[in-house]
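Working notes, beginning with the structure itself.
Please read all numbers here as calculations on a predicted model, not as lab measurements.
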Amino acid sequence: MAAFFNESYRGTPPWDVGHPQAEFVRLADEGEVWGRVLDAGCGTGENAILFAGLGMEVLGVDAAPLAIEKAKRKASEKGSRAAFVVGDALRLEELDRRFDTVTDSGLFHVFSDGERLRFAKSLRSALNGGGTYFMLCFSDREPAGWGGPRRVSKEEIIATFRDGWKVNWIREARFESLFHEAGGRAWLSSITRG
């Protein structure tokens with residue numbers, strides 16, 4: 001799967017909208033994103049650069065080397081202190097670091113059922129106790145067959161984060177993409193590590 005995503009960054013993939021996702025801008029404005037921040041599946045770094053610009057220590061990780069190359073270039077051009085590394089979100093323990101907040105804009109919905117459970121374990125290794133994971137993924141309310149990624153139900157989110165986590169809320173949201181003029185139907189979740 002990493003090869004597919006890396007190839008996507010030879011051009012502009014439909015999820016790379018050229019600015020931070022509005023849902024994460026709102027969370028940052030509300031003070032929900034704080035402390036040491038990990039942006040898992042950071043792509044070309046728009047959200048990570050936003051958080052770093054607000055004074056947070058931010059690391060973006062993505063399995064696609066071309067995405068990380070673009071993110072580093074953007075950060076340099078904008079004078080951002082956001083850092084970026086190539087890494088596997090299913091092996092976040094390899095970072096050997098802990099974070100207060102982890103953000104995920106469009107990563108969770110690419111995982112298979114088995115990978116979701118591995119991701120929850122990986123995420124646990126990188127998130128401080130009491131830290132919060134904010135996840136934006138395509139909703140099962142998004143019409144099927146439009147060519148986008150797998151759609152996710154609230155029940156699937158709850159099932160993945162049943163043990164050792166607290167699902168604070170799951171609310172309707174919009175996922176900006178080049179496919180959707182008004183954004184695709186999505187879920188925005190707040191999940192705290194127990």
- Are Leu117 and Val167 in one and the same hydrophobic cluster, where Ile, Leu, Val, Met, Phe, Trp and Tyr link if side-chain heavy atoms are under 4.5 Å apart? no
- Residues which pass ring-ring contact (aromatic ring centres under 6.0 Å, His included) with Phe134, listed by chain and number, not counting sequence neighbours: none
- Hey, could you give me the CG/CG distance between Asp104 and Leu107, rounded to the nearest 0.5 Å? 4.5 Å
Side-chain donor-acceptor distances from residues 122-132 under 3.5 Å, at least two apart:
residue	atom	partner	partner atom	Å
Ser122	OG	Ala89	O	2.7
Ser122	OG	Arg91	N	3.4
Ser122	OG	Leu92	N	2.8
Arg124	NH1	Gly164	O	2.9
Ser125	OG	Glu93	N	3.2
Ser125	OG	Ser122	O	2.5
Asn128	ND2	Phe99	O	3.4
Asn128	ND2	Asp100	OD1	3.1
Thr132	OG1	Thr192	OG1	3.4

- Task: Can you measure from CD (Glu77) to CD1 (Ile49) and round to the nearest 0.5 angstrom?
- Result: 9.0 Å
- Identify, with sequence neighbours excluded, every residue that meets salt bridge (charged side-chain N to carboxylate O under 4.0 Å, His left out) alongside Arg118. none
- Message: A side-chain contact here means heavy atoms from C-beta on lying under 4.5 Å apart; do Val152 and Phe108 qualify?
- Response: yes
- Output the distance between atom CZ (Phe138) and atom CZ (Arg174), rounded to the nearest 0.5 Å. 10.0 Å
- In Å, rounded to the nearest 0.5 Å, how long is the span from CD1 of Ile157 to CH2 of Trp165? 13.5 Å
- Query: Roughly how far apart are Leu136 CG and Leu27 CG, rounded to 0.5 Å?
  - Reply: 9.0 Å
- Query: Does a side-chain N-to-carboxylate-O contact under 4.0 Å join Glu156 and Arg116?
  - Reply: yes
- Message: Any non-hydrogen side-chain atom of Lys166 less than 4.5 Å from a side-chain atom of Ile191?
- Response: no
- Task: Indicate whether the side chain of Lys74 and that of Thr44 have a donor and an acceptor atom separated by less than 3.5 Å.
- Result: yes
- Item | By side-chain contact (heavy atoms from CB on, under 4.5 Å) - contacts of Lys72 (at least two apart) | Ile68, Phe84
Which atom pairs, one a donor and one an acceptor, fall under 3.5 Å between side chains of residues 50-65 and the rest of the protein, sequence neighbours left out?
residue	atom	partner	partner atom	Å
Glu57	OE2	Arg36	NE	3.4
Glu57	OE2	Arg97	NH2	3.0
Asp62	OD1	Ala64	N	2.9
Asp62	OD2	Cys42	N	3.4
Asp62	OD2	Gly43	N	2.8

- Query: Are Trp34 and Trp169 in one and the same hydrophobic cluster, where Ile, Leu, Val, Met, Phe, Trp and Tyr link if side-chain heavy atoms are under 4.5 Å apart?
  - Reply: no
- Would you please name every residue forming a side-chain contact (heavy atoms from CB on, under 4.5 Å) with Lys154, sequence neighbours left out? Ile170, Trp187
- Message: Under a 4.0 Å threshold between the charged nitrogen and the carboxylate oxygen, would Glu172 count as salt-bridged to Arg185?
- Response: yes
- Determine, for Arg150 against Asp140, whether the closest basic-nitrogen to carboxylate-oxygen distance falls under 4.0 angstrom. no
- Is a side-chain donor-acceptor pair under 3.5 Å present for Asn47 with Thr103? no
- Are Val86 and Phe119 grouped together when hydrophobic residues (ILVMFWY) are joined by side-chain heavy atoms under 4.5 angstrom apart? no
- Taking atom NZ of Lys121 as the centre, report whether more than 12 heavy atoms of other residues, nucleotides or ligands fall under 6.0 Å from it. no
- Calculate, to the nearest 0.5 Å, the distance between atoms CD and CD belonging to Gln21 and Glu46 respectively. 10.0 Å
